[in-house]
J.: 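Right, I'll just put the structure down here and ask away after.
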Amino acid sequence: MPGLSPQYNPKDVEERLYRQWETAGYFHADADSSRAPYTIVIPPPNVTGILHMGHALNNTIQDILIRCKRMQGFNALWIPGTDHAGIATQNVVEKMLASEGKRRQDLGREAFVQRVWQWKEQYGNTIIYQLKRLGSSCDWRRSRFTMDEGLSDAVTEIFIELYNQGLIYRGSYIINWCPRCQTALSDEEAPRQETQGKLYSIKYPLMGHEGARGKGQGARVDWKSRAPCLLSPVPAFIEVATTRPETMLGDTAIAVHPKDKRYKALVGRFALLPLVNRKLPIIADERIDRSFGTGAVKVTPAHDPLDFQLGMKHDLKFIDVMTDDGHMAGHDEVPAAYRGLDRFECRSKLVVDLERERFLGKIEEYTHNVGHCYRCQTVIEPRLSPQWFVKMKPLAEPAIRAVKEGKIRFSPKRWTKVYLNWMENIQDWCISRQIWWGHRLPVWYCKNCTQGQGVGDEGQGKSTSHAPRPAPRSPDSRVIVTRQKPERCPSCGGSQLVQDEDVLDTWFSSWLWPFSTLGWPKKAPDLGYFYPTNTLVTAQEIIFFWVARMIMAGYFCMGKPPFTRVYIHGTVRDITGKKMSKSLGNIIDPLEIIDKYGTDALRYTLVTATAIGQDIFLSEERFVAGRNFANKLWNATRFVLAQVTDGQCSVVSEKERPSTSHRSLVTDRRSVPDRWILSRLQRTIQRVTASLDECLFNDAANALYDFLWHDVCDWYLEIAKVQLAQTADSRQQTADLLVYVLEASLRLLHPIMPFVTEELWQHLWDGGQGRNVPAHSPHSIMVAEWPKVNRKLIDEEAEALFEQFKAVVGAIRNTRAELNVPNDRKTPVVLLISKNPSIRCFLDKHKALLQTLAVSTAAVLKPEEFKIQKDAIVAIVSNVEVVIPLGGFMDDKARQRLQQRVEELTKHLAQTDARLQDPQFTDKAPADIVEQNKQRRQELQETLTRFSNYLAALQST
RNA sequence: GGGCGGUUAGCUCAGUUGGUUAGAGCGUCUGAUUUACAUUCAGAAGGUCGGGGGUUCGAGUCCUCCACCGCCCACCA
């Protein structure tokens with residue numbers, strides 16, 4: 001066998017084949033109006049990314065789709081690329097700097113960004129190389145990066161367009177602030193940690209009550225003995241709880257639930273802020289939890305996310321009481337005694353002061369989740385900060401409609417609801433980030449115009465000593481939004497213009513990905529041809545971050561959806577159901593799996609583990625099945641090649657073969673097993689094609705596995721061995737058929753297991769030293785034609801007969817095994833008795849197969865030709881009785897077996913009888929079901945009779 | 001608190017529109033090697049389909065309640 005070792009070794013083929021494909025240009029697609037496009041855009045992995053199982057799954061699925069469509073004749077384009085991943089990438093580079101003892105501030109912005117670019121050039125392609133090892137057939141010539149020139153233009157373009165339409169505005173927002181690093185942090189960078197803290201109750205005097213006249217007055221109230229708000233009709237205090245007493249200096253209201261009977265009367269009245277004597281309105285809001293604490297909450301809009309929202313809704317004052325470094329601010333709203341104190345010092349001092357003035361209620365130990373800086377572990381401070389926003393509601397409308405009208409379909413369907421629910425409650429999108437790596441906003445401020453107004457000075461170094469009242473959605477004439485840096489300020493003519501310090505959220509470039517990669521905002525021919533793309537393959541985690549926003553951007557910029565179908569795959573988990581993560585140490589590294597078992601094994605196993613939309617539980621053993629499958633194919637092909645090396649095989653793929661010029665596959669002279677395997681192949685083609693169309697990847701993989709392993713290898717190959725040893729004609733037919741079936745199967749399997757199928761396919765052509773290769777045949781399975789169903793080859797009769805045959809073989813094998821007949825000993829005579837003449841004829845004709853497959857001699861009789869033998873054992877397979885005279889093997893076991901079988905049959909017959917005698921059933925069940933039962937009853941009855949007779953005969957001895 | 005998913009053999013999971021003896025792979029046990037493949041082949045054992053109730057002639061499948069596991073979103077004053 002030329003060229004094929006007894007074992008498939010992925011390392012010998014993968015790299016070589018991938019290079020072949022890439023060199024041949026099979027991955028590349030150009031706009032071509034004579035063919036239909038099929039387009040996928042890759043979810044761009046982070047440049048900092050290292051291939052993990054999630055990537056492996058995600059890209060395997062995309063590659064399966066794209067390879068399948070390519071073979072089906074579509075002009076298939078898979079656009080790859082990477083995401084600049086703002087914060088993640090900045091962090092990586094900052095860590096490198098840290099090891100040199102430097103901070104990014106030491107370099108300055110420009111040098112730092114330069115440094116990140118350097119890093120990107122050097123390491124940013126790691127993930128690309130890894131995707132190639134997965135076999136991904138992306139059009140690498142079109143690879144894009146979210147910060148390359150064209151994509152940056154796209155970002156600027158949409159920003160300006162949104163701004164001009166009034167959909168981008170500047171407003172205040174609560175962010176996570178690290179007072180030590182003096183930087184804003186995303187939620188991901190400020191992970192919440194369970195922290196032991198204290199919950200302080202503070203009593204705020206109510207105005208219009210004696211206790212509210214001023215500090216000190218409260219001392220006269222006997223507040224210790226009772227909960228004033230709960231029991232007194234005119235309480236002196238309203239009591240609230242907080243974990244951060246220092247924020248009370250920024251309180252501007254007190255909130256209660258509108259339906260809370262305890263406080264209903266107080267809504268609309270005022271309380272006084274202890275120690276400060278600021279007048280606080282008491283407001284009602286449904287977001288207040290009546291059951292928490294006292295049910296009343298102090299509202300600090302500048303220092304708490306919920307309070308911020310309350311502040312916006314109820315039009316409250318926003319008072320920022322801290323500085324950038326976490327000290328109390330120096331402005332007038334903060335009493336002099338606390339100005340400049342560290343926030344925690346201030347907390348202690350306040351507690352002491354409140355206690356002294358008798359404003360303090362109980363203090364409880366309290367465990368809660370507090371955000372900490374991922375880098376320095378400092379407790380983060382929620383803080384008010386000016387940010388840029390996109391107004392989402394108008395953008396969401398067409399995106400909601402598209403999904404409702406089915407222009408974009410989710411599979412599994414259930415994500416539709418999740419998507420719609422989120423979209424219908426969409427919040428404005430904060431798009432500015434206080435980091436250096438990313439797209440700068442096309443926004444400039446004139447230093448002259450904005451002097452002393454705290455506008456041009458945002459970003460890192462902002463110091464909000466004043467109490468800014470957020471002005472959402474108010475266009476600001478001092479802001480200049482334009483593509484290029486303006487020469488002069490349009491209002492004052494000044495030339496001192498500074499660009500906004502912030503960069504845009506990473507997703508602000510990714511949401512343009514489906515069209516920015518095709519050339520938008522330029523009018524590229526590719527755009528008209530490849531857009532909208534077809535299927536988006538992604539994980540559920542980014543439906544909101546990415547998928548929904550792409551749909552909105554697609555409609556906004558292109559007026560069309562970015563894709564027509566969204567396939568959401570599951571999350572890859574370890575065998576105990578935990579997410580794979582480094583910190584848990586439960587990672588299975590796809591690259592290690594590739595090294596150990598091969599890429600095809602990895603892909604096969606991932607795909608078979610993917611029940612639609614379900615999470616995937618992986619353990620390393622599962623990859624063994626994939627490796628074994630590849631090896632099985634390898635050896636089956638090895639065997640087939642050994643049969644055709646005489647160069648006589650002339651089967652070629654349908655594409656090259658005019659149907660008249662080859663030996664017809666449809667012929668009466670074909671054996672039943674031949675007809676059967678051909679029929680099974682057609683059904684497999686049907687099933688695999690349909691399954692891939694519906695994204696049922698595991699179904700496609702299972703169908704191929706069952707067909708190739710069980711139908712082809714276990715049965716047909718064994719039968720072929722017999723047929724190959726018969727006449728020359730039979731040998732030729734069988735060899736042809738083997739090649740035909742295998743070749744088509746390889747094409748079907750190619751999208752899932754690209755490497756082993758390509759290698760074997762090429763050998764199949766070359767196996768006869770090149771004689772099988774027509775001059776014009778494709779050199780690669782990648783571009784071979786997808787198999788088509790030949791309905792003429794679907795042969796129900798052959799399928800039925802062959803099932804019968806398998807069952808007979810099974811019955812004989814089973815009996816032999818149970819009776820421990822040694823394997824080298826043929827079962828002397830097997831009598832196959834059937835009243836059905838066509839089955840009798842078939843079995844008689846294929847006795848040779850039975851003899852080999854069931855290690856037996858066989859004879860076929862009509863029932864009347866048979867006399868019950870005392871030393872025989874019987875199995876009845878549907879309408880064939882398998883009678884095995886036992887000779888020396890007869891023992892009690894055989895009798896027990898019969899006995900057991902009779903009991904089972906009796907029970908089953910009784911069940912069927914009961915059903916048939918039930919008038920409800922016969923009246924109401926459909927006729928075919930009733931008929932089916934009657935037939936079953938008939939068969940059972942006959943079988944039982946014969947078994948009983950055998951048994952009686954045996955027992956009479 | 002809101003939403004979603006899951007519960008079928010020892011393990012991991014299939015199970016089409018309800019149709020009558022519930023399947024596969026792995027694992028276990030028994031047997032097989034002058035073999036395409038031991039990364040193999042043949043055979044066996046193993047399940048009251050999470051629990052209760054309902055609809056139906058008929059429920060793993062549909063409805064309802066409950067339990068447990070997991071995920072997402074919000075909140076944690």
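Computed over heavy atoms, backbone and side chain alike; hydrogens, waters and symmetry mates excluded.
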J.: Rounded off to whole Å, could you give me the CG-to-C1' distance for the A/Asp706 and B/G25 pair?
T.: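 Rounding to the nearest Å, CG of A/Asp706 and C1' of B/G25 are 10 Å apart.
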J.: Classify the nucleic acid contact of A/Arg813 as base, sugar-phosphate or nothing, counting any heavy atom under 4.0 Å across all strands shown.
T.: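 Since only primed, P, OP1 and OP2 atoms lie under 4.0 Å of A/Arg813, the category is sugar-phosphate.
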J.: Return the nearest nucleotide to the side chain of A/Tyr366; candidates are B/U20, B/A77, B/C57.
T.: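 Taking heavy atoms from C-beta onward, the closest nucleotide is B/A77.
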J.: Taking the basic N atoms (NZ, or NE/NH1/NH2) and the acidic carboxylate oxygens, is any pair closer than 4.0 Å for A/Lys198 and A/Glu364?
T.: no
J.: Rounded to the nearest Å, what distance is computed from the CD1 atom of residue A/Ile568 to the P atom of nucleotide B/G5?
T.: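 Distance check: A/Ile568 CD1 to B/G5 P gives 15 Å.
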J.: Looking at B/U20, B/U40, B/C75, which one has an atom nearest to any side-chain atom of A/Asn628?
T.: B/U40
J.: Rounding to the closest angstrom, what is the interatomic distance between B/C71 and B/G25 at atom P?
T.: 31 Å
J.: Report yes if at least one side-chain N or O of A/Lys596 is closer than 4.0 Å to OP1 or OP2 of B/U39; otherwise report no.
T.: no
J.: Is there a donor-acceptor contact under 3.5 Å linking the side chains of A/Lys934 and A/Thr912?
T.: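 The answer is no; no qualifying pair exists.
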J.: Taking A/Lys907 first and then A/Glu904, would you say they form a salt bridge - that is, a charged N and a carboxylate O separated by under 4.0 Å?
T.: no
J.: At their closest point, which heavy atom of A/Val256 faces which heavy atom of A/Ala296, and how far apart are they?
T.: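 Looks like CG1-CB, 3.9 Å.
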J.: Between A/Gln7 (CD) and B/U40 (C1'), how many Å, whole number?
T.: 11 Å
J.: Return the value, rounded to whole Å, for the distance between atom CD of A/Glu246 and atom P of B/A77.
T.: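 Whole-Å distance recorded here is 12 Å.
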J.: Answer with base, sugar-phosphate or nothing: what part of the nucleic acid does A/Ala241 contact at a heavy-atom distance below 4.0 Å?
T.: sugar-phosphate
J.: So, do A/Leu853 and A/Arg813 sit near enough that their side-chain heavy atoms are less than 4.5 Å apart?
T.: yes
J.: Looking at A/Lys721 and A/Glu718, does any basic side-chain N land under 4.0 Å from a carboxylate oxygen?
T.: yes
J.: Side chain of A/Ile288 only, please: which of B/A36, B/A77, B/U39 is the nearest?
T.: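 Per side-chain heavy atoms of A/Ile288, the pick is B/A77.
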J.: Looking at B/A77, B/U39, B/U20, which one has an atom nearest to any side-chain atom of A/Thr243?
T.: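 Of all the options, the side chain of A/Thr243 is nearest to B/A77.
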J.: With a 4.0 Å limit, can you tell me whether A/Asn631 has a side-chain N or O closer than that to the phosphate oxygens OP1/OP2 of B/U40?
T.: no
J.: Where are the stems of RNA chain B, defined as at least 3 consecutive Watson-Crick or wobble G-U pairs with both distances under 3.5 Å?
T.: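 Output for stems: B:1-7 with B:67-73, B:10-13 with B:23-26, B:28-32 with B:40-44, B:50-54 with B:62-66.
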J.: Find the distance A/Asn698:CG to B/U12:C1' and express it as a whole number of Å.
T.: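 About 13 Å, once rounded to whole Å.
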J.: Using the C1' atom on both, measure B/G15 against B/U8 and round to a whole Å.
T.: 9 Å
J.: Between B/A36, B/A42, B/C75, which one does the side chain of A/Glu718 approach most closely?
T.: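 Selected nucleotide: B/A36.
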J.: Find the distance A/Asn702:CG to B/G15:P and express it as a whole number of Å.
T.: 10 Å
J.: I'd like the C1' distance from B/U16 over to B/G52, given in whole Å.
T.: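 Between the two C1' atoms, the distance is 28 Å.
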J.: Would you indicate whether A/Lys806, at its atom NZ, is surrounded by more than 12 heavy atoms from other residues, nucleotides or ligands within a distance under 6.0 Å?
T.: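 Above 12, so yes.
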J.: Expressed as a whole number of angstroms, how long is the span from A/Glu365:CD to B/C76:C1'?
T.: 17 Å
J.: Decide, yes or no, whether a salt bridge links A/Arg627 with A/Asp600 under the criterion of side-chain N to carboxylate O below 4.0 Å.
T.: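 Salt bridge between A/Arg627 and A/Asp600, a charged N being under 4.0 Å from a carboxylate O: no.
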J.: Quick one: do A/Lys203 and A/Glu239 make a salt bridge, cutoff under 4.0 Å?
T.: yes
J.: Atom CD1 of A/Ile363 to atom C1' of B/A77: distance rounded to whole Å?
T.: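 Value for this atom pair: 16 Å.
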J.: Determine whether the side chains of A/Asn698 and A/Thr608 contain a donor N or O and an acceptor N or O closer than 3.5 Å.
T.: no
J.: Which residue lies toward the 5' end of RNA chain B, A/Arg901 or A/Asp699, if each is placed at its nearest nucleotide?
T.: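 The answer here is A/Asp699.
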J.: Within residues 910-924 of chain A, find the residues that approach RNA chain B with a heavy atom at under 4.0 Å, and present them sorted by residue number.
T.: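 Those residues whose heavy atoms fall under 4.0 Å from RNA chain B, taken from residues 910-924 of chain A in numerical order, are A/Gln911, A/Arg915, A/Asp918, A/Gln920, A/Phe921, A/Lys924.
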J.: Among B/A36, B/C57, B/G43, which nucleotide sits nearest the side chain of A/Asn635?
T.: B/A36
J.: Tell me whether the rings of A/Trp634 and A/Tyr8 are parallel (<30°), tilted (30 to 60°) or perpendicular (>60°).
T.: tilted
J.: Classify A/Phe623 by what it touches in the nucleic acid, base, sugar-phosphate, or nothing, heavy-atom distance under 4.0 Å.
T.: nothing
J.: Between B/C26 and B/C63, how far apart are the C1' atoms? Round to whole Å, please.
T.: 36 Å
J.: Pick the closest RNA chain B nucleotide for A/Val418 and for A/His710 by heavy atoms, then say which residue is nearer the 5' end.
T.: A/Val418
J.: If you measure from the C1' atom in B/A9 to the same atom in B/C4, how many Å do you get, rounded?
T.: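 Each nucleotide's C1' atom is 28 Å from the other's.
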J.: Write down the distance separating the C1' atoms in B/U39 and B/G46, rounded off to the nearest Å.
T.: 26 Å
J.: Aromatic ring centroids of A/Phe629 and A/Tyr705 under 6.0 Å?
T.: yes
J.: Just to be sure I understand the rule, does A/Asn933 reach a base, reach only the sugar-phosphate, or reach nothing, if contact means heavy atoms closer than 4.0 Å?
T.: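 A/Asn933: base contact, heavy atoms under 4.0 Å.
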J.: OP1 or OP2 of B/C4 less than 4.0 angstrom from a side-chain nitrogen or oxygen of A/Lys417, does that happen here?
T.: yes
J.: If the P atom of B/U17 is compared with that of B/U61, how far apart are they to the nearest Å?
T.: 14 Å
J.: For atom P, what is the distance between B/G27 and B/C65, given to the nearest Å?
T.: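 Between the two P atoms, the distance is 42 Å.
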J.: Base, sugar-phosphate alone, or nothing: which one does A/Ile543 contact when heavy atoms must sit under 4.0 Å apart?
T.: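 Since no nucleic acid heavy atom lies under 4.0 Å of A/Ile543, the category is nothing.
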J.: A/Trp709 near the nucleic acid: base, sugar-phosphate alone, or nothing, with a heavy-atom cut-off under 4.0 Å?
T.: sugar-phosphate
